[in-house]
J.: 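Quick one: the structure is below, and I'll ask about it shortly.
Protein chains get the first letters and strands the later ones, always in sequence-line order, with residue 1 at the start of each.
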2 protein chains.
Amino acid sequence: MTKKLETFLERLETTNTVDDLSSLADILRDTYDVKNVSYLATNLNGLPFVSSTYDPKWAQHYEEQKYMLIDPVVRGALMQFNPLDWKRLDWSSKRTRAFFNEAVDFGVGQQGYTIPIRGPNGQTAIFAINHDSNDAGWERYIGEHAHDFMLISHYFHQKALAATHTTEPIEGRDLSPRELDVLKYLGIGLSRGKVADILKISEHTLRVYVDSARYKLGALNTTHAVAIALARGVISV
Amino acid sequence: MTKKLETFLERLETTNTVDDLSSLADILRDTYDVKNVSYLATNLNGLPFVSSTYDPKWAQHYEEQKYMLIDPVVRGALMQFNPLDWKRLDWSSKRTRAFFNEAVDFGVGQQGYTIPIRGPNGQTAIFAINHDSNDAGWERYIGEHAHDFMLISHYFHQKALAATHTTEPIEGRDLSPRELDVLKYLGIGLSRGKVADILKISEHTLRVYVDSARYKLGALNTTHAVAIALARGVISV
DNA sequence: TTCTCCCTCCCCTAAAATAGGGAGGGCTGC
DNA sequence: GCAGCCCTCCCTATTTTAGGGGAGGGAGAA
């Protein structure tokens, strides 16, 4: 374990509230000597959460313009499993370049490294560091610290989940095998009749499973039930 | 970086096929000197994938009995973000104890540590190590190697995704803001009419968005479209 | 044993989804 | 300037689903 990581983990032990979390980014920036550090969770208790060292003006502008939806870094990172070096983004689009130029104007560094993190219920987040340096220097820096950042992003998310009380196990009973079957097939787009055929039960019976699954999941309708089951990871598409 | 981790990462560089992956568990067991190492992905290209050092009899029995659905370790790990020490499971259920006794009979160690891993499209996996040792020894061992295992589980999953060609970026055009709005509200269980009211558009217009979203996502129906959008992370519940 | 849950089947009506047609104005990139 | 996509609205028609009832047998746990 590196000394820097050790420093961070010590600080992490006293981090329990949302306010504490907000200062973590600053601490990491100072510890790892980079221009900016940011953590952006898209869905903690249904709300986004940000801790970053970016210029508040940029953060505000970013939120006002709903940049989260078009930010190529966010979009890129959320679509893959591996950390993403900003250099490896698709820079062919004019919009991407325009967005990035604007970011740089607000003090965002030229080099960046973004790590996607995912929790059990669609609690997706990204952890990013960025800096101004040449390509070779950046590559060396990332090579040295990639493991640290991977662990840090994980711990950061862990604390964010805990601070927003998103770690409590989900209430409600488990779905029965039949209910899971039904939701699984409905989730891949099959009609109620088709699913009933596949499961070799009547469509009426099938509906009872949908009903009970809906009840257990607290869902308002079938689509909602499938959505919740997906988010909870009990079925997958 | 520890020497053991270094050894593993070197080996990982020549790991590219599914067959290579199968032997990784053995290598890790020998490197880290534990009784068993296992990696279980629930949904790579729609199929489960396993690499483990468990007795093949146990693996076969496990699969035949569909134990994945009731295994308390799997269920526990998939429901949370943090690694799970098997000692911290809920042992009150008779079924849990019976299951575990059976596992021990097949040579599974008494102590265990399971790390959940999640990819961008519901590609969930768990990485587990287990061993026979007393509580104090196990705690010390985990404390020393937790970081290694966290990184290893990540790299393992990365290779599994790559080997099963599950890393390719998703084809298809992006959804328009309006399409995202519609899917988002449908995903939280609102009816078509309600969503139209909220977005202040006619229900007919709304339907056009659902149609185009469905077309873009290659979805068979509305529920499917919401499911795919969720799985891709473009909306969240 | 009793209680709870699971699985299976059936009736009904109203609402929603699907499928196929249209149309016009606006913005953006090449 | 034009092609392409986005947003908005309209029509008719059929099929499917939603959600409300009710009923019985079986397995497992307290």
Side-chain angles (χ1 to χ4, degrees), chain A residues 66 69-70 90-99 172-187 189-228 234, chain B residues 66 69-70 90-99 172-227 234:
Chain A
K66 295 191 178 175
L69 288 175
I70 61 157
D90 173 18
W91 291 100
S92 63
S93 154
K94 188 181 276 184
R95 176 174 278 177
T96 298
R97 290 192 300 271
F99 175 81
R173 298 198 313 283
D174 287 342
L175 296 176
S176 76
R178 248 1 194 179
E179 287 158 357
L180 286 173
D181 285 340
V182 169
L183 291 183
K184 190 172 68 184
Y185 284 115
L186 291 177
L190 302 183
S191 74
R192 210 160 59 159
K194 274 234 167 50
V195 177
D197 284 349
I198 290 173
L199 299 178
K200 293 190 170 50
I201 57 176
S202 79
E203 200 181 320
H204 307 283
T205 301
L206 183 132
R207 211 197 50 200
V208 177
Y209 296 137
V210 179
D211 286 350
S212 54
R214 191 157 38 88
Y215 174 75
K216 285 180 183 175
L217 296 170
L220 295 168
N221 52 40
T222 305
T223 298
H224 196 198
V226 170
I228 294 175
V234 293
Chain B
K66 294 192 178 177
L69 289 174
I70 61 157
D90 174 19
W91 290 101
S92 64
S93 155
K94 187 182 278 184
R95 177 175 278 178
T96 299
R97 291 194 299 272
F99 175 81
R173 297 203 311 283
D174 287 345
L175 297 177
S176 75
R178 243 11 189 175
E179 288 158 356
L180 287 172
D181 285 340
V182 169
L183 291 184
K184 191 172 66 185
Y185 284 114
L186 291 177
I188 58 173
L190 303 183
S191 73
R192 210 163 57 162
K194 275 233 164 53
V195 176
D197 285 349
I198 290 172
L199 298 178
K200 293 190 169 50
I201 56 176
S202 79
E203 200 180 319
H204 306 283
T205 302
L206 183 132
R207 205 198 51 196
V208 177
Y209 295 138
V210 179
D211 285 350
S212 55
R214 193 156 37 87
Y215 175 74
K216 284 181 183 175
L217 295 170
L220 295 168
N221 53 40
T222 305
T223 298
H224 196 199
V226 170
V234 293

J.: Write down the distance between CG (B/D181) and C1' (D/dC6), rounded to a whole number of angstrom.
T.: 13 Å

J.: Please identify each residue that fulfils side-chain hydrogen bond (donor to acceptor under 3.5 Å, both in side chains) with B/T222, with sequence neighbours left out.
T.: none

J.: Measure the CG-NZ distance between A/L206 and A/K200 for me, rounded to the nearest 0.5 Å.
T.: 14.0 Å

J.: Going by the rule side-chain contact (heavy atoms from CB on, under 4.5 Å), which residues pair with B/R178 if we only count those two or more places apart in sequence or in a different chain?
T.: B/S176, B/D181, B/L199, B/I201, B/Y209

J.: Encode nucleotides 14-22 of chain C as B, S and - characters from 5' to 3', where the letter depends on protein heavy atoms closer than 4.0 Å: B to the base, S only to sugar-phosphate, - to neither.
T.: --SBBBB--

J.: Starting at atom NE2 of B/H204, determine the distance to atom P of D/dT12, rounded to an integer number of angstrom.
T.: 10 Å

J.: Below 4.0 angstrom from OP1 or OP2 of D/dC5, is there any side-chain N or O of B/S176?
T.: no

J.: Atom CG in A/L220, atom CD1 in A/I228: separation rounded to 0.5 Å?
T.: 7.5 Å

J.: My understanding is that only residues two or more places apart in sequence, or in another chain, count here; which of them pass side-chain hydrogen bond (donor to acceptor under 3.5 Å, both in side chains) with B/D197?
T.: none

J.: Mind checking what makes side-chain hydrogen bond (donor to acceptor under 3.5 Å, both in side chains) contact with A/T205, not counting sequence neighbours?
T.: A/S202

J.: Over its full length, what angle do the end axes of the helix from C/dT1-D/dA30 to C/dC30-D/dG1 make, each axis taken from five pairs and the result rounded to 10 degrees?
T.: 70°

J.: Between A/K200 and C/dC9, is there a side-chain N or O to OP1/OP2 distance below 4.0 Å?
T.: no

J.: So what does A/S202 hit on the nucleic acid, given a heavy-atom distance under 4.0 Å: a base, only sugar-phosphate, or nothing?
T.: sugar-phosphate

J.: From the options C/dC7, C/dC9, D/dT8, select the nucleotide whose nearest atom is closest to the side chain of A/I201.
T.: C/dC9

J.: Taking only the side-chain nitrogens and oxygens of A/Y209, find out if one of them lies under 4.0 Å from OP1 or OP2 of C/dT8.
T.: yes

J.: In B/S/- notation, 5' to 3', how is nucleotides 24-30 of chain D contacted by protein heavy atoms closer than 4.0 Å?
T.: -------

J.: Looking at residues at least two apart in the chain, or sitting in another chain, which of them share a side-chain hydrogen bond (donor to acceptor under 3.5 Å, both in side chains) with A/S191?
T.: none

J.: Got a sec, which residues hit ring pair (Phe, Tyr, Trp, His ring centres under 6.0 Å) with A/Y185, two or more places apart in sequence or on another chain?
T.: none

J.: Below the 4.0 Å mark, does C/dC9 have OP1 or OP2 next to a side-chain nitrogen or oxygen of A/T205?
T.: yes

J.: Please report, rounded to the nearest Å, how far the P atom of C/dC27 is from the CZ atom of B/R178.
T.: 15 Å

J.: For A/V208, give me all partners under side-chain contact (heavy atoms from CB on, under 4.5 Å), at least two apart in sequence or on another chain.
T.: none

J.: For the CD1 atom of B/I188 and the OG1 atom of A/T223, what is their distance to the nearest 0.5 Å?
T.: 12.5 Å

J.: Taking atom CZ of B/R192 and atom NE2 of B/H204, what is their separation to the nearest 0.5 Å?
T.: 9.0 Å

